[in-house]
Amino acid sequence: MNANPYMIGFGIAEILLSQIPGFDQLHWLSLVAAVMSFTYSTIGLGLGIGKVIENKRVRGSLTGISVGTVTQTQKIWRSFQALGDVAFAYSYSVILIEIQDTVKAPPSEAKTMKKATLISVVVTTLFYMFCGCFGYAAFGDQSPGNLLTGFGFYNPYWLLDIANTAIVIHLVGAYQVYCQPLFAFIEKEAARRFPDSDFVTKDIKISIPGLSAFNINLFRMVSRTIFVVLTTVISMLLPFFNDIVGLLGAFGFWPLTVYFPVEMYISQKKIPKWSTRWLCLQILSVACLIITIAAAAGSIAGVIDDVKTIKPFKTSY
């Protein structure tokens, strides 16, 4: 099927939502996205368990997809790409500080975020492990990149429709949560460089009957619209979800989730160089760097392989 109309529709929705001025005004969208995430994960897990019960056996093996279904080289690249997909799931450090800035005190923001981070990592890990394991047990070597597509020809169809709708709503919200810090950085830098420009700094107040007044900034509207259009076009050029997610996860994981936090911790705690704790932290950092390089290599190999079968902007298949 041709996915371009859906990508364009998603882009239009994001252009509208991108006009929300700041991260602190996204709490409702973030909450909806979180609920949707739990919804489709629970449905996927339930269907996976049901499929295993229906099959009356566990498909697949402990060593993963069998050589023959794919070549040995493809299996290695896919394993590396999977590391990138996992890394992407935990690369929330980009927005961690932005979230902490919106947390009310007391108790202290740091204490609240420690608890929230621990709970979110534990819950996320459990859901992903269960979905991954039961999805593979249900379909074995034929497991799809998107678990829900494996149930495409099975009842109940309405449950799948709910799950897929939840995915769309979740991604709409997630896009904004991850992009708003970038938008804020660009606009802050523009205001610093061009403080006397009305195009950059002036807000135009628009009154909407029945609603509170809405401030429109021309620079914000134009820059955010251009950004969304560019990401939409790139998505249409490279419509490979798992490969691109793996690539983004690989690029963002080590520097933002591992290296900078580790170095900041060492500096803050004044950990002596070559001490046992310092060495352990550096080993952790180097190990994650190796994982990042492997994940990037696997994802790039996947993109190169997929490019051979895709014609950008093709309107029919």
Side-chain angles (χ1 to χ4, degrees), residues 3-37 88 91-105 109 113 116 167-239 241 244-245 247-249 251-252 255-257 260 313:
N4 286 341
Y6 299 99
M7 294 186 193
I8 293 170
F10 186 88
I12 292 171
E14 294 301 346
I15 287 174
L16 296 175
L17 288 171
S18 291
Q19 305 314 313
I20 296 173
F23 194 89
D24 59 313
Q25 298 176 36
L26 282 177
H27 62 278
W28 62 273
L29 188 59
S30 179
L31 177 61
V32 170
V35 171
M36 293 300 105
S37 179
F88 182 83
S91 59
Y92 60 88
S93 57
V94 182
I95 58 172
L96 199 61
I97 304 301
E98 299 292 336
I99 294 173
Q100 184 166 319
D101 283 344
T102 67
V103 174
K104 295 179 180 179
E109 294 91 336
M113 287 305 297
I167 288 177
V168 174
I169 297 172
H170 169 70
L171 291 177
V172 166
Y175 185 103
Q176 287 303 312
V177 170
Y178 272 86
C179 286
Q180 282 287 345
L182 176 62
F183 293 156
F185 171 77
I186 292 171
E187 288 155 18
K188 185 178 180 180
E189 188 65 19
R192 186 182 69 81
R193 289 172 178 262
F194 309 103
D196 299 323
S197 171
D198 286 345
F199 176 73
V200 173
T201 60
K202 186 178 180 180
D203 285 343
I204 302 172
K205 186 169 287 189
I206 296 178
S207 298
I208 303 174
L211 299 173
S212 58
F214 187 76
N215 291 328
I216 289 181
N217 178 281
L218 291 178
F219 177 77
R220 180 174 67 224
M221 184 172 65
V222 172
S223 62
R224 295 186 181 192
T225 299
I226 291 173
F227 178 86
V228 175
V229 169
L230 285 175
T231 56
T232 303
V233 171
I234 292 171
S235 299
M236 294 167 69
L237 285 169
L238 300 170
F241 184 77
I244 298 300
V245 163
L247 192 60
L248 293 174
F251 286 153
L256 298 175
T257 307
F260 284 125
F313 304 119

Salt-bridge test for Arg224 and Glu187: reply yes if a basic N is under 4.0 Å from a carboxylate O, no otherwise.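 Yes, Arg224 and Glu187 are salt-bridged.
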Is the closest side-chain heavy-atom distance between [X] and [Y] below 4.5 Å?
| X | Y | answer |
| --- | --- | --- |
| Val172 | Phe10 | yes |
| Ile169 | Val32 | yes |
| Val35 | His170 | no |
| Asn217 | Ile204 | no |
| Thr201 | Phe219 | no |
| Phe251 | Leu256 | no |
| Asp203 | Ile216 | no |
| Val222 | Phe199 | yes |

Identify the heavy atoms of [X] and [Y] that sit nearest to each other, and give their distance.
| X | Y | value |
| --- | --- | --- |
| Glu14 | Leu171 | OE2-O, 4.0 Å |
| Gly11 | Thr232 | CA-OG1, 3.5 Å |
| Phe260 | Pro255 | CD1-O, 2.8 Å |
| Leu17 | Gln176 | O-OE1, 3.5 Å |
| Ala33 | Ala174 | CB-N, 4.4 Å |

Once rounded to the nearest 0.5 Å, what's the spacing between atom [atom1] of [X] and atom [atom2] of [Y]?
| X | Y | atom1 | atom2 | value |
| --- | --- | --- | --- | --- |
| Gln180 | Ser18 | CD | OG | 7.0 Å |
| Gln19 | Phe183 | CD | CZ | 8.5 Å |
| Ser223 | Leu182 | OG | CG | 9.5 Å |

Carefully, step by step, assess Ile20 and Trp28 under the rule side chain to side chain contact (heavy atoms under 4.5 Å, CB included). CA-CA 12 Å; Ile20 296 173; Trp28 62 273; 4.0 Å; yes
Can you check side chain to side chain contact (heavy atoms under 4.5 Å, CB included) on Phe227 and Ile186, steps first, answer last? CA-CA 11 Å; Phe227 178 86; Ile186 292 171; 5.5 Å; no
Out of Ile12, Ile15, Ile234, which one pairs with Val229 under the side chain to side chain contact (heavy atoms under 4.5 Å, CB included) rule?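 In the set Ile12, Ile15, Ile234, the residue that makes a side chain to side chain contact (heavy atoms under 4.5 Å, CB included) with Val229 is Ile15.
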If we count only N and O atoms by modelled type, under 3.5 Å, do the side chains of Thr231 and Tyr175 hold a donor and an acceptor together?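 Yes.
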